[in-house]
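Report on one structure; see the data block that follows.
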Amino acid sequence: MDIDNEIAKTQEERRRKEEELASLTSLTFDRDLYGGTDRDAYVTSIPVNDEDDANLDSMDSEVARKLASYTAPKSLLKEMPRGEDDDNALGFRKPAKIIDREDDYRRRRLNQVISPDRHDAFAAGEKTPDPSVRTYADVMREQALAREKEETLRAIAKKKKEEEEAVKVEKESGGAAAAVPKRRNRWDQSQDDGSAAAKKAKTTSDWDLPDATPGIGRWDATPTPGRVSDATPSVGRRNRWDETPTPGRLADSDATPAGGATPGATPAGVTWDATPKGLVTPTPKRQRSRWDETPATMGSATPMAGATPAVPLTPGVTPFGGTDLQTPTPSNLRGPMTPEQYNLLRWEKDIEERNRPLTDEELDAMFPQEGYKILEPPASYVPIRTPARKLLATPTPMGTPLYAIPEENRGQQFDVPKEAPGGLPFMKPEDYQYFGSLLNEENEEELTPEEQKERKIMKLLLKVKNGTPPQRKTALRQLTDKAREFGANALFNRILPLLMQPTLEDQERHLLVKVIDRVLYKLDELVRPYVHKILVVIEPLLIDEDYYARVEGREIISNLSKAAGLATMIAAMRPDIDNIDEYVRNTTARAFSVVASALGIPALLPFLKAVCQSKKSWQARHTGIKIVQQIAILIGCAVLPHLKSLVEIIEHGLNDENQKVRTITALSLAALAEAAAPYGIESFDSVLKPLWKGIRSHRGKVLAAFLKAIGFIIPLMDAIYASYYTKEVMFILIREFQSPDEEMKKIVLKVVKQCVSTEGVEAEYIRNDILPEFFRNFWVRRMALDRRNYRQLVETTVEMANKVGVADIVGRIVEDLKDESEPYRRMVMETIEKVVANLGASDIDARLEELLIDGILYAFQEQTSDDANVMLNGFGAVVNSLGQRVKPYLPQICGTIKWRLNNKSAKVRQQAADLISRIAVVMKQCQEEQLMGHLGVVLYEYLGEEYPEVLGSILGALKAIVNVIGMTKMTPPIKDLLPRLTPILKNRHEKVQENCIDLVGRIADRGAEFVPAREWMRICFELLEMLKAHKKGIRRATVNTFGYIAKAIGPQDVLATLLNNLKVQERQNRVCTTVAIAIVAETCSPFTVLPALMNEYRVPELNVQNGVLKSLSFLFEYIGEMGKDYIYAVTPLLEDALMDRDLVHRQTAASAVKHMALGVAGLGCEDALVHLMNYVWPNIFETSPHVINAVMEAIEGMRVALGAAIVLNYCLQGLFHPARKVREVYWKIYNSLYIGSQDALVAAYPILEDEQSSEQNNIYSRPELMMQHNSIFKVVQETGAHSSGCFLGTSTCFNHHWYPLLIASLHQNGQERVLDVGSSSATIGGGTSKFMTKSNPYNGFSIIKKKMGLI
């Protein structure tokens, strides 16, 4: 018994250990969440689509209920790593290659061949082209050959198929048909032997074997002389060893197959002299070769060491065992070898291999040839060569060894990438193919000039592709500048293969395309021979799924066509128009549309006309018409001038014999009509009749295309015609309502929408003729499953409702709100929402209203899917449209909401809270304030919600209730609510932050008196953290809330908090603080803030001073005209800042001056502004872009406040400066002056006197201005001008037009001191009076007049 107990105990321990080990290596599940491991509970089948599961009630099973309660935000769930590699989880994710996201169709670009250079007829002129260069004729010949080959193969495939069908028919018809003798043709096999067995063995010909894709078969081969032309078939399956040997073949047919080839397998490549299947003569008897035998030792499939041979040894077989070998096999290995012995052998061989002495050749490969000396070994040295020391001396394993350690090549180059020479960027493995030669340390002097050039191009391209941004920039510039020096051939031969690389990434492609773009611009006409090469690489971009890649492709082709010219483009692309590959034709059509938009449609019209009317191939016609379609899509309404020509070119395609041509013609007409809308109906007159005939005679895809064209043409018609044609086409459309084809459904819906929305179609016609069939066929559950059809159906139904009214549409689908399919309910809800939002609910009667509310409540409660917004928006839209009519239903709605607020699922709770915020306004309209108060209390109780998404919605609902109910009636009272919100401000979830701050701000704005000041200060400190938020809306709400709080408790405490915050390091925090200070100043008047703010400027810390200046900038921006009372106070501070060494000081001060100038324009503060202008002006030569922008904006502000004439005076002095850099700045200022105030400058231009030379008598006469000039001069004399100068009040001297003329007048009067700029307040702000003298730098007239000889 004891032994049994011990055994049981041991077994139990072992089982426990095994379980522990298993838990370490396998996945374990949370059993509370996922339940037990009962296999019966597992799902045994996967639903066909997501909707099958969605219809189940999520609370049915325990598992579903528990899972439904866990709802982290989707954004978070998407970001969670799911079984990725460690590298990926750490963020080292490989960038997606282009080929990874391409489908099979787009991947066909890799099958295209970069064609050789082509002959440039323009460069060659009259010369005969070089035979080695491909001409246009050669290319066309190749295309014709390829097309002929394709047609032949297609004909063969067709014949095969016919024969297959004939054989099938024969079999089905039975013996009667078999009795009829079949007419023999020359390909039939001879059956002369008459053997019945042979007939039975081979009843069907080799044609009967299925062959889906016509390829180059054996029948295409040219017969070889000396071959039997009509052979007797071998009985049974023919294999490749039975082929007749052909004279003159390199390898005989009965040679041993290459390694890995299976005897009897079909050879991969068909040789031209292979005998056709079924015509093989029996192989003559020949001498057996020993290679035909299976080696005798292979007794079993897997040879084992020490296995007994299955057959006795033959004399010719490889010796086995130790008998014939020099080193005898130890006797203990005669029997089966144990694993230990085998490992011992393996290890010993390994150690011996590692310790093998290096040969001279290996040493030479490892060490350089120079710098080393080979030493002789000492005379007494004897190497140890005693096999006895080894365990087993070179044993021979019995049979084939399982694994042999490969010979080590000591001079081998390992895969460790070489360091790229000369500062080149790192190479990826796939780059070695293109850039590998750069790793060879060659002496560049020894290379030929061509090789040097290629090497240089490769280096630059590698830097562009893999380099750092600075490397890339310089390499791009070098490639661009030296493009003509490198030559088109060398450049494109290197760039284009790189773009065809399968492992290319988006960024790399973008950079290489950029290189081509820049190079094209430089090479210009030299690109002509390479046009087709470039197109092969760039055309695939036109169908890329990435929008920016398509734009880049269009840009390159546009530039290429401008560089090469229309003739070259047509010559390059013409052969591809009727290429046998549809992919090539598609991309070529798109490329031609880009050429048309670049060079103008009229230039391409004659060519297009010829292509579209091509008699030789339908492919050419198809591509030509597709070009027209792509032109319409690409250039939109710019087709209008050419619309008639384009329609005439393609109209014959509607009656073409080829179905594909008819289809593309209709689609092209649809594209043209869409582009021309709402104009151009007269251009389509000629196609109306064929289109109407077509819709009666066609079916399927062609009919869909014709209907699409009609759908786009009808809206262009006048109302009376639109009505007639709609009725005509509606018969066909109603018939096609029943079509099972999804594409047809989509087009029919679109056409119905277009017809219904046209002006001439009456509501009665729609109501009686269209609606019944429309709802019967389209409003079915299946339509809700396909997203595109779903959207189109909703749009069409909404368009019908716009014509027939809400009641007709909603009445037909309201019952479906209770449908058991949730996707269908969602589609109904979305339609109702859009219809009601567009048209209101005025024509919904009482019965429909009841049904609607009932249906909406049902749909709202029954939803289980994630897409809750549709139901929410629908509910909100209906309730808001019904307005006061909802009052009877509000208790029921609120009951539902309260019940759902208590649900275990977070999604359900969130949706209930969101619904409150949607209907709060309607509840107010219905005087249900008590109900809202009750909801407020319920929401208040739920402020402890753990899911941030739900908490955000609860706060949003509280905000909506507070907004409509008011502060005084709010329950719970505001004094209880706000302290509960303060800790929530710490929550870092964006939705919670935004809604919480909005709620706090609203309370601060309207109910601040209900909350003690201490609580507001606490909130202020919390709000400072919010200024760091990523979302702009949160920062904006925070800043506004500061304003409300400051208004509530006075600015002093709030300001102290904010000013302290200017000392922090984070820039974003400081910027938001400055905005908050400005808001506080605006709400509490600037005088409460400015003293503290200007005092803070004395702190000798850059961040604080910059913060103060930025606050002033925002402050003057916000207070506008109020700034006139504070401008003189802040002038000394701005004066100091504008003279500071720190660039940012000057930049921010200039920004403040701009806002100040714009605020006080026309309010009599010009003296201070001119004073500040003198400090702003010296900064015009700054090079920092931010500073110069701020300075130029300040000068623009001065132009508004002081007038253009004064700024012109500052400007004139540098317009003709000898230094170009100085002139450029002044002309830049002058240009912006001219753009902003062209008319105001007229009066300020200097007076130019006539030239006194005899050759020309110029008359610069300006009588009105002279009169004005004289009148001003009199005013100056009357106001007391004297020899020392004149003093004028601001009201006189700062008139925009008079001021410059005044200066000119005083100059003519010969006065030295012209004007005391300022008024009685000139010394305010610590400045002294400034005088404009002839030597003063901003008095421009002195210089101009000197130039003109006036002074």
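When reading the values below, keep in mind they use all heavy atoms of this one structure, side chains included, and skip hydrogens, waters and symmetry mates.
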With the side chain counted from C-beta on, respond yes when [X] and [Y] share a heavy-atom pair under 4.5 Å apart, and no when they do not.
X       : Y      : answer
Ser953  : Glu945 : no
His989  : Glu949 : yes
Ile965  : Met923 : no
Trp1016 : Leu978 : yes
Leu901  : Val908 : no

### Query
How many angstroms lie between atom CG of Leu955 and atom CG of Asn995, to the nearest 0.5 angstrom?
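Rounded to the nearest 0.5 Å, the CG-CG separation comes to 6.0 Å.
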
### Query
How long is the gap from CD1 on Ile919 to CD on Glu928, to the nearest 0.5 Å?
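Answer for the CD1-CD pair, Ile919 versus Glu928, is 10.5 Å.
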
### Query
Under the salt bridge (charged side-chain N to carboxylate O under 4.0 Å, His left out) criterion, do Asp544 and Arg101 qualify, and how do the steps go?
CA-CA 10 Å; Asp544 198 275; Arg101 58 178 169 75; 3.4 Å; yes

### Message
Restricting to side-chain contact (heavy atoms from CB on, under 4.5 Å), what partner residues turn up for Asn873, sequence neighbours left out?
### Response
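Residues passing side-chain contact (heavy atoms from CB on, under 4.5 Å) with Asn873: Glu833, Asn869, Arg918.
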
### Counterpart residues, side-chain contact (heavy atoms from CB on, under 4.5 Å), relative to Glu1022 (two or more places apart)
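Glu1022: side-chain contact (heavy atoms from CB on, under 4.5 Å) contacts with Thr982, Leu985, Lys986.
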
### Query
Which is it for Lys818 and Asp854 under the salt bridge (charged side-chain N to carboxylate O under 4.0 Å, His left out) test, yes or no, and what are the steps along the way?
CA-CA 9 Å; Lys818 293 189 174 182; Asp854 185 38; 2.4 Å; yes

### Arg909/Asp914 salt bridge by N-O under 4.0 Å criterion
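Looking at Asp914 and Arg909, the cut-off is not met.
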
### Task
Run the salt-bridge test on Arg781 and Asp819 with the 4.0 Å N-O cut-off and return the result as yes or no.
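Looking at Arg781 and Asp819, the cut-off is met.
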
### Message
So, using ring pair (Phe, Tyr, Trp, His ring centres under 6.0 Å) as the criterion, who are the partners of Phe1116 when residues are at least two apart?
### Response
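Applying ring pair (Phe, Tyr, Trp, His ring centres under 6.0 Å) to Phe1116 gives none.
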
Taking [atom1] in [X] as the centre, count heavy atoms belonging to other residues, nucleotides or ligands within less than 6.0 Å. Is the count above 12?
X       : atom1 : result
His510  : NE2   : yes
Glu1009 : CD    : yes
Tyr858  : OH    : yes
Arg988  : CZ    : yes

### Query
Please walk me through it: do Thr1088 and Leu1055 pass side chain to side chain contact (heavy atoms under 4.5 Å, CB included)?
CA-CA 9 Å; Thr1088 57; Leu1055 195 59; over 6 Å; no

### Task
Name all pairs fulfilling the ring-ring contact (aromatic ring centres under 6.0 Å, His included) condition that reach into residues 1025-1077, sequence neighbours left out, sorted by first residue then second.
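Found none.
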
### Message
Taking side chain to side chain donor-acceptor pair (under 3.5 Å) as the cut-off, I'd like each qualifying pair that reaches into residues 1046-1057, sequence neighbours left out, listed once.
### Response
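Residue pairs passing side chain to side chain donor-acceptor pair (under 3.5 Å), neighbours aside: none found.
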
### Query
Which heavy atom in Ile856 sits nearest to a heavy atom in Leu817, and how many Å separate them?
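Looking at all heavy atoms of both residues, the closest pair is N-CD1, 3.8 Å.
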
### Message
Restricting to non-hydrogen atoms, name the atom on Lys959 and the atom on Leu999 that form the minimum distance, rounded to 0.1 Å.
### Response
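Looks like CA-CD1, 3.7 Å.
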
Just list the side-chain donor-acceptor pairs under 3.5 Å for residues 883-894, sequence neighbours left out, or say none.
| unit_1 | atom_1 | unit_2 | atom_2 | d |
| --- | --- | --- | --- | --- |
| Gln884 | NE2 | Gln925 | O | 3.4 |
| Arg885 | NE | Glu849 | OE1 | 2.8 |
| Arg885 | NH1 | Ala841 | O | 2.9 |
| Arg885 | NH2 | Ile844 | O | 2.4 |
| Arg885 | NH2 | Glu849 | OE1 | 2.9 |
| Lys887 | NZ | Cys926 | O | 3.2 |
| Tyr889 | OH | Glu849 | OE2 | 3.0 |

### Task
With salt bridge (charged side-chain N to carboxylate O under 4.0 Å, His left out) as the test, would you mind laying out the steps for Glu929 and Lys924 before giving the verdict?
CA-CA 6 Å; Glu929 288 175 3; Lys924 168 75 172 165; 3.0 Å; yes

### Task
Determine whether the side chains of Thr797 and Lys834 contain a donor N or O and an acceptor N or O closer than 3.5 Å.
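On atom types as modelled, these side chains do not qualify, holding no pair under 3.5 Å.
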
### Query
So, Tyr942 and Asn902: side-chain donor and acceptor under 3.5 Å apart, yes or no?
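A pair is found: one side chain offers a donor N or O, the other an acceptor, under 3.5 Å apart.
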
